[in-house]
Amino acid sequence: MQVEAQALSVERGGRIVFSDIGFRLAAGESLVVTGPNGAGKSTLLRAIAGLLPLASGRIELSPAADAPRGEFCHYVGHADALKPSLTAFENVAFFAALLATHGRRPTGAQVDAALARLGLAAIADLPCAYLSAGQKRRAALSRLIAVFRPIWLLDEPLTALDSASQTILLDLMHAHLKEGGIVIAATHAPLPIGARELALKSARAA
Amino acid sequence: MQVEAQALSVERGGRIVFSDIGFRLAAGESLVVTGPNGAGKSTLLRAIAGLLPLASGRIELSPAADAPRGEFCHYVGHADALKPSLTAFENVAFFAALLATHGRRPTGAQVDAALARLGLAAIADLPCAYLSAGQKRRAALSRLIAVFRPIWLLDEPLTALDSASQTILLDLMHAHLKEGGIVIAATHAPLPIGARELALKSARAA
Amino acid sequence: MKETLPSALFALLTRDLTIGRRIGGAASLGIVFFLCLVAITPFAIGPDLALLSRIGPAILWIAALLATLLGLDRLFQAEAEDGSLDLLLSSSAPLELIVLVKCLAHWLLTGLPLVVASPLFGLMLGLDTHALAGVFVSLLVGTPALTLIGAIGAALTVSLRRGGLLLAILILPLSIPVLIFGVAAASRAAGFAMPFLILCGLALMGLALAPFAAAAALRHSIE
Amino acid sequence: MKETLPSALFALLTRDLTIGRRIGGAASLGIVFFLCLVAITPFAIGPDLALLSRIGPAILWIAALLATLLGLDRLFQAEAEDGSLDLLLSSSAPLELIVLVKCLAHWLLTGLPLVVASPLFGLMLGLDTHALAGVFVSLLVGTPALTLIGAIGAALTVSLRRGGLLLAILILPLSIPVLIFGVAAASRAAGFAMPFLILCGLALMGLALAPFAAAAALRHSIE
Amino acid sequence: MPNYANPAEFLRLARIAVPVTAALTGVLFAVGLYLALFDSPPDYQQGETVRIMYLHVPSAWMAMFVYIVMCSAALGTLVWRHPLADAAQKAAAPLGAGFTFLCLMTGSLWGKPMWGTWWVWDARLTSVFVLFLIYLGIIALWQVVEDQGKAARLVAIFTLVGGVNIPIIKFSVDWWNTLHQSASVFRLGGPTIAMSMLWPLLIMALAYTSLFLTLHMMAIRNEILRRRIKRLAMIAAAEGEAAPVAGIFPEPAE
Ligand code: HEM
Ligand SMILES: Nc1ncnc2c1ncn2[C@@H]1O[C@H](COP(=O)(O)OP(=O)(O)OP(=O)(O)O)[C@@H](O)[C@H]1O
Ligand SMILES: Nc1ncnc2c1ncn2[C@@H]1O[C@H](COP(=O)(O)OP(=O)(O)OP(=O)(O)O)[C@@H](O)[C@H]1O
Ligand SMILES: [Mg+2]
Ligand SMILES: [Mg+2]
């Protein structure tokens with residue numbers, strides 16, 4: 001799997017957020033997107049995931065795939081996408097079934113394993129309304145390993161995590177890269193995954 | 001202003017989250033609450049703000065005040081309390097008027113100054129739906145200086161802020177402490193405000 | 001300490017009105033909704049003008065009741081979800097007054113336009129001048145009562161994720177009396193003065209009780 | 001790639017039904033809400049049983065329409081607010097089918113219980129056996145159509161913070177034909193077969209068009 | 001309302017009281033039903049159908065009485081924060097709904113021969129129906145709010161607000177001239193009903209009351225025990241000994 005972006009620009013609310021952004025990532029490579037608040041980091045990730053239209057430019061995956069781009073990406077944004085009345089297990093199991101591709105439907109045991117990997121085994125059966133901010137975040141992140149997708153798009157992934165969970169997440173990213181996956185992360189905190197850096201300038205200055 | 005908490009315990013969802021927590025903060029002192037996800041940091045801050053009932057223990061302000069405790073505290077939680085259809089200025093001006101005490105109603109110029117202090121001058125008239133995560137966070141934080149309240153309760157205040165804004169916020173905290181204010185902050189990242197630390201243990205170990 | 005009270009409440013009123021106006025002009029939306037309901041009923045009942053004008057006041061009242069309910073479940077829930085409720089509770093303004101101001105804003109945005117437009121819709125249903133006046137006056141007094149009663153339900157269901165239906169169930173039984181006397185006054189079946197006075201009484205009772213009940217419910221459901 | 005499609009859709013259906021059940025048993029709440037509306041109407045109109053039984057089918061239909069509408073504005077809005085919509089859009093299941101499944105879940109939770117309970121409420125309004133059967137069958141065919149039409153409005157308003165009233169305004173005009181033929185079939189004013197066939201046609205049309213319209217609206221409102 | 005001192009005290013009291021009131025209920029029902037069905041005269045206007053009265057009128061009284069009990073329990077919850085008031089409120093709601101349903105059923109059964117219809121929308125009938133809806137709303141609210149302490153306080157507020165309906169039921173026949181009979185027992189100036197009918201009626205009313213007391217105490221006892229089990233399971237979970245018990249708030253982890 002390889003991602004190539006050429007001359008991307010995105011418009012939001014009638015204003016060009018960034019323009020002429022390009023990068024190419026081969027299997028096992030990662031990219032860290034940095035920049036001040038409002039520079040367009042989240043915008044870029046959403047555009048890559050296919051959740052925002054491009055004003056110009058193109059994003060290509062190779063080997064070329066006929067399915068929409070969203071099917072190759074895991075997008076973990078600012079919102080956790082957890083239903084407060086469902087338990088952590090139910091939430092993750094649902095997304096695992098929804099996001100599964102190529103007939104690889106994750107089993108309950110795989111979902112349990114994903115939750116356990118993020119240290120949520122003991123509270124898997126608690127409604128998400130009862131979870132703390134970091135616990136919710138971890139439940140959202142456990143989607144990453146419950147279903148395999150080659151490209152991870154992570155928006156400020158370390159937010160709300162305690163140091164133990166930060167280590168776990170970094171380990172997961174390393175493992176994903178080693179297996180030939182791709183990680184693109186937006187972050188303010190340093191993210192030691194040996195990634196290339198794409199520094200967005202603030203839109204005002206641009 | 002001085003805060004004293006004795007033998008606090010709080011119950012949530014039928015379970016004791018923490019018990020027997022106590023501290024005393026004099027004017028100009030600060031406290032950093034740390035601990036793993038789910039240890040009860042946010043719970044403690046909400047309880048101090050008077051937004052959660054105490055299962056036992058007491059919190060006292062001195063000089064003793066007859067007004068409810070909430071009127072002395074600025075609580076900035078995980079949620080930003082911004083209405084997406086209002087501009088940043090309108091949002092902050094509203095809270096300034098709502099939270100004002102002792103007849104010190106902030107003027108529009110004061111609100112503008114607060115926004116400018118957090119680097120939002122240029123986008124003060126943008127609806128909050130159009131702001132990035134960090135810009136929203138900064139708008140929420142500008143309440144702290146738009147209205148004076150002696151006790152600041154900050155839940156993971158550095159989240160989503162870029163490094164320039166983090167510096168600004170730390171400066172603000174230092175200034176507040178120097179003027180005799182009190183800061184209680186829950187955090188995972190180190191917070192260099194020379195504070196005492198209250199480390200909550202995870203509920204399981206307790 | 002109290003000098004800031006009026007300005008705090010005024011700020012709240014302005015904010016709620018602004019939000020209401022920005023989000024697709026709730027006022028005009030309310031009227032159009034009302035219109036749709038009024039238009040649907042003759043279709044459902046059949047084009048019998050005598051029957052229509054007989055049950056016209058009732059239709060207008062039911063439409064007003066439902067239009068009031070439709071947006072009400074988010075009155076406090078939206079505040080709770082984005083964290084604003086925490087700040088409303090930390091204000092030095094008494095929660096009862098905050099509830100009252102929020103009700104006022106909601107009524108100005110949805111109730112008042114309905115009241116103003118009701119004579120027009122009455123005409124469409126073939127009401128005579130007397131009945132038109134009756135509907136107008138009874139709605140003017142009755143819709144604030146409906147909003148206030150609804151606020152109790154909105155406060156009770158604030159911490160539930162989807163309170164819409166539960167709200168309706170809690171509220172409809174309580175609003176039946178308002179509806180009965182409102183329609184009675186509007187249609188003058190039993191004279192105007194008597195049911196109208198009772199309607200006023202109910203509205204005053206709502207004004208006196210609802211802010212306290214709703215504020216108590218909000219205080220207890222915060223977590 | 002497609003082997004996972006049934007399981008993805010089934011997971012969505014189960015999830016929505018579970019949430020509906022957890023949040024206060026939407027099914028039973030729907031019935032109680034229906035009950036409230038049916039009870040309110042005679043009150044507003046007056047205790048005239050002959051009049052009541054004449055307009056009974058219309059009342060039941062209006063109640064069904066409003067009960068369907070009341071929860072519908074959050075159908076996609078709740079998904080958009082918490083970020084779930086992004087993930088629904090990244091699924092390999094076509095968005096049209098996702099919309100259809102969500103509508104099915106909504107109908108099973110609110111529409112179906114109303115249909116099942118309608119004979120009972122018909123009895124309370126003094127309908128005879130023929131009318132009861134007519135109401136039952138016409139609601140069985142008509143309520144899914146109402147849900148599907150409502151879903152278009154829900155999708156259109158998904159990016160607005162409070163779509164409730166706007167949704168109603170977009171939806172009511174579209175649902176007027178359903179209402180007219182539903183009531184006509186139920187009350188047999190113009191015979192049963194003809195209006196019922198048209199109602200079926202409308203329902204099929206809704207089934208064929210609504211998922212595409214709603215999916216297109218959702219794709220455009222995401223940002 | 002029985003004297004509920006504290007949970008432990010109540011359980012002890014209930015252990016003695018429940019068998020007594022249960023036996024009393026049986027005796028009262030036996031006597032009351034015999035008097036009502038066989039010993040009392042048929043009405044000169046209504047004939048034998050008047051016997052429905054002995055089921056209908058006490059259930060109507062109980063429907064209102066239970067609501068009043070719930071209002072006092074609600075005050076107990078809100079004002080005195082009495083530990084038992086929550087349980088008393090929760091236990092009474094389904095019973096009240098049951099009595100109200102019985103009143104509605106017997107009323108419509110009686111209505112068919114008397115008024116020629118099962119149901120009319122007159123003020124009394126409707127206000128009882130509204131009472132039924134309020135009971136349902138209370139039960140729904142109990143089910144929807146997960147935190148039981150919070151549920152108790154919210155239900156208490158709603159119960160007190162809904163209390164305005166009780167005077168409306170009681171006086172609706174006086175305020176509006178309706179089809180329904182106006183008060184003939186509990187009225188200013190003494191009962192206007194024949195003594196031969198009054199006695200069986202009063203005994204039946206006592207039987208209903210005693211039935212309510214029995215069921216209410218049993219339901220409160222169940223509620224207390226249920227909470228105890230939950231608390232024990234939670235303590236066990238917090239000590240890390242037991243696996244989370246299904247349906248009970250399990251142990252959150254770090
Ligand atoms: C579903 C229909 C009915 C409902 C909901 C209903 C409700 C009530 C209620 C709430 C009371 C208690 C009133 C009080 O204590 O002041 C009552 C009493 C009574 N009802 Fe009904 N009722 C119904 C039908 C009937 C019918 C059909 C009859 C017979 C004609 C009837 C005869 C009576 C009588 C004789 C009393 C006793 C009044 C007194 O002595 O105080 N009811 N009913
Ligand atoms: N609304 C709630 N109802 C019941 N229990 C809750 C609720 N919110 C949090 N809890 C529980 O209370 C405990 C403490 O939560 P809290 O949010 O205070 O943790 P925290 O220390 O702030 O964690 P984080 O670092 O993840 O923000 C957790 O175990 C959580 O499961
Ligand atoms: N929904 C929206 N509609 C219109 N404009 C938007 C929207 N969301 C964000 N913007 C604008 O787009 C620009 C980039 O926003 P984005 O969220 O991508 O920033 P970011 O780099 O992620 O910042 P942060 O570090 O604060 O998360 C900002 O200037 C913002 O004002
Ligand atoms: Mg961002
Ligand atoms: Mg927290």
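We name chains A, B, ... by the order of the sequence lines, and we start the count at 1 in each one. Quick note: numbers below take in every heavy atom, side chains included, and nothing from hydrogens, waters or symmetry partners.
- Summarising the local packing, CZ of B/Arg196 is surrounded by more than 12 heavy atoms from other residues, nucleotides or ligands at distances under 6.0 Å.
- The contact between B/Tyr75 and chain C is made by backbone and side chain atoms together, counting heavy-atom distances below 4.5 Å.
- For C/Leu85, no part lies near chain B; criterion is any non-hydrogen pair under 4.5 Å.
- Between B/Cys73 atom SG and C/Asp86 atom CG the span is 12.5 Å, to the nearest 0.5 Å.
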How far apart are the C-alpha atoms of B/Glu71 and C/Ser91, what are their side-chain angles, what is the distance that settles it, and do they pass the side chain to side chain contact (heavy atoms under 4.5 Å, CB included) test? CA-CA 6 Å; B/Glu71 286 180 32; C/Ser91 162; over 6 Å; no

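- Of all non-hydrogen atoms in C/Ala8 and B/Leu98, the two that sit nearest each other are CB-CA, 4.0 Å.
- Ranked by heavy-atom pairs under 4.5 Å with chain C, the list B/Arg69, B/His78, B/Arg143 is led by B/Arg143.
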Please step through side chain to side chain contact (heavy atoms under 4.5 Å, CB included) for the pair B/Lys83 and C/Thr18, ending with a clear verdict. CA-CA 11 Å; B/Lys83 296 291 170 192; C/Thr18 314; over 6 Å; no

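- When all heavy atoms of C/Ser92 and B/Ala100 are compared, the pair lying nearest together is OG-O, 3.6 Å.
- Counting all heavy atoms, side chain and backbone alike, B/Phe95 lies closest to C/Ser84 at CZ-OG, 4.0 Å.
- Looking only at heavy-atom pairs under 4.5 Å with chain C, the residue among B/Leu86, B/Leu52, B/Asp80, B/Leu99 that has the most is B/Leu86.
- Interface remark: C/Leu87 contributes backbone and side-chain atoms alike to the contact with chain B (heavy atom separation under 4.5 Å).
- From C/Ile19, atom CD1 reaches atom CG of B/Asn91 across 7.5 Å, with rounding to the nearest 0.5 Å.
- Considering only heavy-atom pairs separated by less than 4.5 Å from chain C, the leading option among B/Ala81, B/Gly77, B/Ala97, B/Gly70 is B/Ala81.
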